[in-house]
Amino acid sequence: MDVMDVFCPNCLCLCVQEDSPQLQHQHTSPRERRAIRDNIYKNKRCRMETCFDFARCQSGFRVYIYPPQRGDEISETYQKILSSIEESRFHTTDPSRACLFILAVDTLDRDQLSAQFVQNVRLRIQSLPTWNDGRNHLIFNLYSGTWPDYTEDLGFEVGQAMLAKASADVVNFRPHFDISIPLFSKDHPPKGGGIGYLTLNDAPPSRKYLLVFKGKRYLTGIGSETRNALYHIHNGEDIILLTTCKHGKDWEKHKDSRCGRDNEEYSKFDYQELLHNSSFCLVPRGRRLGSFRFLEALQAACIPVILSNGWELPFSEVIDWRKAAIIGDERLLLQVSSITRSVGHDRILALRQQTQFLWDAYFSSVAKIVLTTLEIIQDRVDSHVSRNRLLWNSLPGGLYALPQYSTDPAQFPFYYAILGKSPSQQFTAVIHTVTPLQSQISPVVKLIIAVAKSKFCAQIVVLWNCDKPLPPRNKWPSTSVPLTVIEGQTKTMSSRFFPHDVILTDAVLSLDEDSVLSTNEVDFAFIVWQNFPERIVGYPARSHYWDSSRSRWGYTSKWTNDYSMVLTGAAFYHRYYHYLFTHYVPANLLTTVDRISNCEDILMNFLVSAVTKQPPIKVTQKKQYKETMMSQYLALPPSCNHFAQRQTCMNAFSHWLGFMPLVHSQMRLDPVLFRDQVSILRKKYRDIEKL
């Protein structure tokens, strides 16, 4: 049968008809390959419906890691995986509550020639009390098989366990059961991760090279065909495809006539310089289907051109790779140069932007790879509240768009522009109250009256976190909007961000009881927030800095020319952040906030900036506005230093994320005509200027 090119410019996918023969592995016969596959994947028809016990997950999606057995040797990479799970919100130390089980036995490297190969895995696994033929178990693997054929032999039967596997072959891959993960190196960051390299969104996106590759050339054996043929399209100008034979102990015994010339050309170019200055990066298969080149290309904003027939791409269940890569066919290598030249400038920019989103959202650290794996499984378990593809493939990504909040993208603050929608035209004021209601001239009463006069205010919710009894209804002021008083069950600082069902508007105006704001200030801030619904918009600003003398992050309230936080004592934000704060932030951080009665506002800023990668927005305020210290801070013993606590919090929060998410800004938004030399009668927000 003739190979038919069905390349589609819109899909950027070069493929052949489905009934075309796949590339054959060398050295093993089809019968031998089937025998190996059938021995390992005896349950190759496994799906969630047939090989997973959903009853174990009725109390929630909890993940249990078996305790290590005596003599277990765990590689640094596998320890990163286990630590990521232990620090996640899914982890449980109680096996009776577990929905999913993770082995303490290191199964990452199943190459028998590797120093990391663990012996007797089969016996160790089968001795586990809840193994149950692998049901509700997840096994991580990066390397399988060994020289010369590199089959998918793991050396043990996976049974009904799910595989999170690199270099997954579509022949053995069990769709919607196994998960394809990327191959990553032992130096991959445990969390946080390196940033992407797309710094300029210039159009047309000009880079020095069109297509590049630099890597090993295998003279014999599996994976050698494509790399041996790359010299046919290398032109030494804008297509730089470099290979070297100089690897392994016996390379000189097997070298061919091209090795000398290839090795010389190979040494002339710096790999990083090629990566960062090319529009496309070739990602051919190596000995196995996946290679480190895939993640390297993503990070470098170099569009991957994938030549690895039969590779189930990482997280393909949820990621639309047509938006970030060109998927080719090894048998049509000679067409790659013409295909890449046919991609327009606008499409190149869009593809490169998507590489950066995917890198940062799912691949930049071991923790993100592991959490993405767990979130995909959770979506399968709770299929009625699973994320759709828009949430997975658009900013900020599936890890920050929790489907338990909503499966409708329009309910999140991130997708209004994509959907052509706008946030609701009203807000709910939530006033955090910790002191008794003294009289009708109390600051909280004045605040309620001022906020209620806003034409955008739908309702006011007073969160009563005071130790004194809740005042009767007649002690509260009468307002033109509904006033609801909720008595806090725990009366903790973190409870101010609890997602109460009574909050129905998209916008929340978070207020401390002693905040001093006029109706004009509230109205203007809300108008600004409607234009930036994914950010925090408000008044009292603070900043962070790096204290090099102490090698830690510092916190300052000094009035300077920039800021990185807007405190939630007077700020607008989307109500989704209440849900994210309550259900995404680890319990130990919330406990810390509650124990010291401090830092909940900083934690909310960390969370929102981590999600958006953007700073909050400060709006103008009356000159007389003064942020007063909340009474619970004043009640702290003298030994407790408010600012010292907040600096400690900042370092704890950045450690949790693995990076500092706060972004500095020098922008403040004022009303048009603010302080301009025109009549006050011409100004819309007049009260803001009154001293």
Side-chain angles (χ1 to χ4, degrees), residues 63 65 74-91 102 106-109 116 138 140-143 164-167 179-199 271-272 275-276 281 283 290-302 304 314-315 319 324 354-376 395-400 544 546 551-553 584-586 588-589 606-607 609-613 650-663:
V63 183
I65 301 175
I74 297 178
S75 65
E76 180 183 352
T77 302
Y78 196 57
Q79 186 56 58
K80 290 179 183 179
I81 291 175
L82 298 183
S83 296
S84 298
I85 298 172
E86 289 170 342
E87 295 176 12
S88 76
R89 69 184 189 281
F90 302 121
H91 183 243
I102 307 294
D106 188 342
T107 56
L108 289 186
D109 194 340
Q116 303 290 335
L138 177 64
F140 287 91
N141 174 253
L142 294 180
Y143 305 98
K165 188 180 187 310
S167 303
I179 294 178
S180 177
I181 63 174
L183 182 65
F184 58 91
S185 74
K186 61 183 178 61
D187 299 320
H188 207 55
K191 54 185 177 180
I195 61 172
Y197 294 112
L198 182 59
T199 56
Y271 177 57
Q272 292 299 320
L275 263 183
H276 300 152
C281 281
V283 183
S291 75
F292 295 142
R293 298 293 181 268
F294 182 68
L295 289 189
E296 291 167 352
L298 280 185
Q299 183 179 15
C302 190
F315 304 137
I319 292 177
Q354 192 70 358
T355 66
Q356 297 303 271
F357 158 64
L358 294 175
W359 164 259
D360 182 71
Y362 307 120
F363 298 109
S364 62
S365 68
V366 175
K368 288 181 180 177
I369 294 171
V370 171
L371 290 175
T372 303
T373 302
L374 296 181
E375 292 281 7
I376 290 173
L395 287 166
L399 300 188
Y400 287 128
H544 75 288
W546 178 251
S551 296
R552 59 179 295 176
W553 294 106
Y584 183 85
V585 175
N588 65 308
L589 291 185
F606 266 68
L607 182 62
S609 288
V611 172
T612 64
K613 307 294 186 294
M650 292 189 60
N651 288 277
F653 300 159
S654 61
H655 175 75
W656 159 52
L657 292 168
F659 67 102
M660 168 53 74
L662 299 179
V663 181

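In this text the structure is predicted, and so the values were computed from the model without any measurement. The figures that follow rest on heavy atoms only: side chains count, while hydrogens, waters and symmetry mates do not.
Atom OG1 of T372 sits about 9.5 Å away from atom CD1 of I179, to the nearest 0.5 Å. Atom-to-atom distance recorded for F315:CZ and S180:OG is 8.0 Å, nearest 0.5 angstrom. Taking CZ of F184 as the reference point, atom OG1 of T77 lies at 6.0 Å (rounded to 0.5 Å). Taking CG of L358 as the start and CD of Q299 as the end, the distance is 13.5 Å to the nearest 0.5 Å. From L108, atom CG reaches atom CD of Q116 across 9.0 Å, with rounding to the nearest 0.5 Å. One finds the CE atom of M660 at 4.5 Å from the NE2 atom of H544 (value rounded to the nearest 0.5 Å).
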> Going through the checks in order, is the side chain to side chain contact (heavy atoms under 4.5 Å, CB included) test met by K191 and H655?
Replying inline: CA-CA 9 Å; K191 54 185 177 180; H655 175 75; 3.9 Å; yes
> Given the rule in the side chain to side chain contact (heavy atoms under 4.5 Å, CB included) test, do W546 and W553 qualify, once you have shown the distances and angles that lead to the verdict?
Replying inline: CA-CA 5 Å; W546 178 251; W553 294 106; 3.6 Å; yes
> After noting the C-alpha distance and the side-chain angles of L183 and F294, does the key distance pass the side chain to side chain contact (heavy atoms under 4.5 Å, CB included) rule?
Replying inline: CA-CA 8 Å; L183 182 65; F294 182 68; over 6 Å; no
>> Evaluate V63 against I102 for side chain to side chain contact (heavy atoms under 4.5 Å, CB included), listing each step before the verdict.
In response: CA-CA 7 Å; V63 183; I102 307 294; 3.5 Å; yes
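Contact detail for L142 and P182: the closest heavy-atom pair is CD2-O, 4.0 Å. Heavy atoms only, all atoms of each residue included: S609 and P661 are closest at CB-O, 3.5 Å. Between H276 and A300, the shortest heavy-atom distance links the atoms CD2-CB, 3.6 Å. Between F292 and S185, the shortest heavy-atom contact is CE2-N, 3.6 Å. Across all non-hydrogen atoms, the minimal contact from A361 to P396 is CB-O, 4.2 Å. Of all non-hydrogen atoms in I181 and A164, the two that sit nearest each other are CD1-O, 3.5 Å.
Side-chain N or O atoms of Q356 include one that pairs as donor or acceptor with a backbone N or O of L298 at under 3.5 Å. In this structure a side-chain-to-backbone donor-acceptor pair under 3.5 Å is present from W359 to G194. Distance alone, capped at 3.5 Å, places no donor-acceptor pair between the K80 side chain and the S365 backbone. Side chain of T355 to main chain of A324: no donor-acceptor pair is present (N/O by atom type, distance under 3.5 Å, no hydrogens or angles). Within the 3.5 Å criterion, the main-chain N or O of K165 finds no donor-acceptor partner in the side chain of N141. Using a distance-only test at 3.5 Å, with no hydrogens or angles considered, a donor-acceptor pair links the side chain of Y362 to the main chain of G398.
With hydrogens and angles left out, the side-chain atoms of E87 and S83 include no donor and acceptor closer than 3.5 Å.
Two residues are said to be in side-chain contact when any heavy atoms from C-beta on lie closer than 4.5 Å; D109 and S75 fail this criterion. For the pair Y271 and R293, the minimum side-chain heavy-atom distance is below 4.5 Å. Side-chain contact check for I319 versus F363: some heavy-atom pair is nearer than 4.5 Å. Residues Y143 and S167 fail the side-chain proximity criterion, which asks for heavy atoms closer than 4.5 Å. Taking the side chain as every heavy atom from C-beta outward, V283 and E296 never approach each other to under 4.5 Å. Side-chain contact check for E375 versus L399: some heavy-atom pair is nearer than 4.5 Å. Using a 4.5 Å heavy-atom cutoff, the side chains of H188 and I369 are in contact. A heavy-atom distance below 4.5 Å is found between the side chains of F653 and L589.
Taking the six-membered ring for Trp and thresholds of 30 and 60 degrees, Y584 and Y400 have ring planes inclined between 30 and 60 degrees apart.
Environment of NZ in K186: sparse, with no more than 12 heavy atoms of neighbouring residues, nucleotides or ligands closer than 6.0 Å.
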